[in-house]
Protein chains: 2
Amino acid sequence: MVTEREEDYLKVVQELLDEKGYVRVKDVSKSLDVSPSSVTEMFQRMDDSGYINYEKYGGVTLTDSGKEIARSTKEKYGVIRDFLQILGVDEKMADEDACKIEHVLTPETLKTLTKFAEFINKNKKSPVWLDHFRYYYETGQYIGENSMTSDQCPVHGKKKQS
Amino acid sequence: MVTEREEDYLKVVQELLDEKGYVRVKDVSKSLDVSPSSVTEMFQRMDDSGYINYEKYGGVTLTDSGKEIARSTKEKYGVIRDFLQILGVDEKMADEDACKIEHVLTPETLKTLTKFAEFINKNKKSPVWLDHFRYYYETGQYIGENSMTSDQCPVHGKKKQS
DNA sequence: TTGTGAAATTAGTTGCATATAATAATTATA
DNA sequence: TATAATTATTATATGCAACTAATTTCACAA
């Protein structure tokens with residue numbers, strides 16, 4: 001079974017291949033902020049496991065299974081990042097969290113997040129309740145009749161007419 | 001810095017203390033599905049790190065810092081599990097995912113999830129849009145004028161009056 | 001063609017988390 | 001209380017993932 005870290009490596013290798021057409025140990029080392037020797041070692045392991053084709057001092061390519069893992073990992077990442085951003089998490093944090101969570105979500109939960117993002121995005125304008133949530137997030141107060149506890153409307157500060 | 005696994009151990013130790021008042025190696029071993037020797041070893045490490053007070057063949061208690069980690073880990077877990085269940089993820093999966101995610105979320109994202117759950121729960125009845133989302137999840141179709149693409153209402157299959 | 005510098009690899013180590021097998025301590029029971 | 005059964009601990013080993021230091025390879029310039 002593929003480890004979380006192998007998923008990380010496969011993801012960046014695929015990204016570098018897409019960007020530049022080839023992959024150096026140095027680049028992966030930079031991307032993942034690990035030493036070059038760690039990259040070499042991981043390459044050897046992943047070659048043994050059949051996720052990449054690696055030859056010393058040479059190039060690296062992904063096997064079919066490596067490609068599939070890279071693809072699905074990146075897809076998960078995208079779903080989670082989008083989802084978090086919809087809820088209002090800022091890009092940097094959404095990114096950071098998505099990189100962690102991508103490895104551990106059950107397919108069921110992933111599907112829910114996917115559907116949720118679709119549900120929001122298929123509408124041109126973002127739904128009212130989402131604005132309401134953002135408002136709640138900022139102020140702790142509700143907008144809308146259902147949930148008003150005072151007769152003071154938080155939107156424009158005027159009395160509601162009852 | 002505390003590791004993810006240490007957080008797991010601290011959480012179950014606290015839970016067992018709450019449940020039964022004391023903790024056996026055996027119980028932790030059972031809870032986490034690891035061998036007793038692994039538990040002993042981890043207890044030694046966590047004692048060294050100052051998260052628990054441990055003496056051989058004797059009892060285990062949490063230090064203040066251990067308590068704080070257990071508390072905050074459990075709190076995170078609760079927030080995430082609730083959040084996922086609100087979105088419709090079933091209990092078992094929500095649980096499983098929460099146990100993984102609890103270790104890796106940024107405070108920012110955690111706050112967002114917390115607020116979101118509050119936003120939903122402070123209302124007695126679940127908001128309409130959430131039903132709409134659940135409906136979308138099941139059928140792939142939208143309920144509500146904003147997003148209707150046909151004139152067939154997905155709720156009762158009758159024509160909308162225009 | 002050969003020497004140099006950058007890049008990559010190997011060798012050796014560490015820390016975390018686990019396991020099995022063997023041993024020791026504790027608790028329960030006859 | 002002595003013995004049996006349960007529980008816990010040590011000793012030893014494994015796998016993953018990282019590191020530093022030393023070495024090797026490669027590509028390019030002189």
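In what follows, chains are A, B, ... by sequence order, proteins preceding strands, each numbered from 1.
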Next on the checklist: Does A/Glu4 form a side chain to side chain contact (heavy atoms under 4.5 Å, CB included) with A/Lys100? I'd like the steps, not just the answer.
Outcome noted: CA-CA 9 Å; A/Glu4 294 190 15; A/Lys100 302 289 187 58; over 6 Å; no
Checklist entry - Which atom pair, heavy atoms only, marks the closest approach of A/Leu62 to A/Leu17? => result CG-CD1, 4.3 Å
Item to check | Proximity of A/Phe119 and B/Tyr142 rings by center, below 6.0 Å | outcome: yes
Check: residues 40-51 of chain B side-chain donor-acceptor pairs under 3.5 Å, at least two apart:
residue, atom, partner, partner atom, Å
B/Thr40, OG1, B/Pro36, O, 3.3
B/Asp47, OD1, B/Tyr54, N, 2.9
B/Ser49, OG, B/Arg45, O, 2.9

Item to check | Terminal contacting nucleotides, 5' and 3', DNA chain C versus chain A (heavy atom, 4.0 Å) | outcome: C/dA7 to C/dT10
Next on the checklist: Tell me the interatomic distance from B/Arg24, atom CZ, to D/dT9, atom C1', rounded to whole angstroms.
Outcome noted: 14 Å
Checklist entry - Could A/Lys122 and B/Tyr136 be counted as a cation-pi pair, given that NZ or CZ must be under 6.0 Å from the ring centre and within 45° of the axis? => result no
Item to check | Protein proximity profile, nucleotides 10-23 of chain D - base contact B, sugar-phosphate-only contact S, no contact -, cut-off 4.0 Å on heavy atoms | outcome: B-----SBBBB---
Checklist outcome for this item: Pairs under 3.5 Å (Watson-Crick or G-U), crossing ones as [ ], inter-strand ones as |: DNA chain D comes out as ||||||||||||||||||||||||||||||
Checklist entry - Closest approach of B/Val34 and B/Ser29, non-hydrogen atoms and distance? => result O-OG, 2.7 Å
Checklist entry - What heavy-atom pair brings B/Glu108 and A/Tyr137 nearest, and what distance separates the two atoms? => result O-OH, 4.3 Å
Item to check | Heavy-atom pair with the smallest gap, counting every atom of B/Trp129 and B/Ile120 | outcome: CZ2-CD1, 3.5 Å
Item to check | Set of residues satisfying side-chain hydrogen bond (donor to acceptor under 3.5 Å, both in side chains) with respect to B/Asp27, sequence neighbours excluded | outcome: B/Lys20
Considering only distance and modelled atom types, tabulate donor-acceptor pairs under 3.5 Å from the side chains of residues 75-87 of chain B, sequence neighbours left out.
residue, atom, partner, partner atom, Å
B/Glu75, OE1, B/Arg71, NH1, 2.7
B/Tyr77, OH, B/Asp95, OD1, 2.5
B/Tyr77, OH, B/Asp95, OD2, 3.3

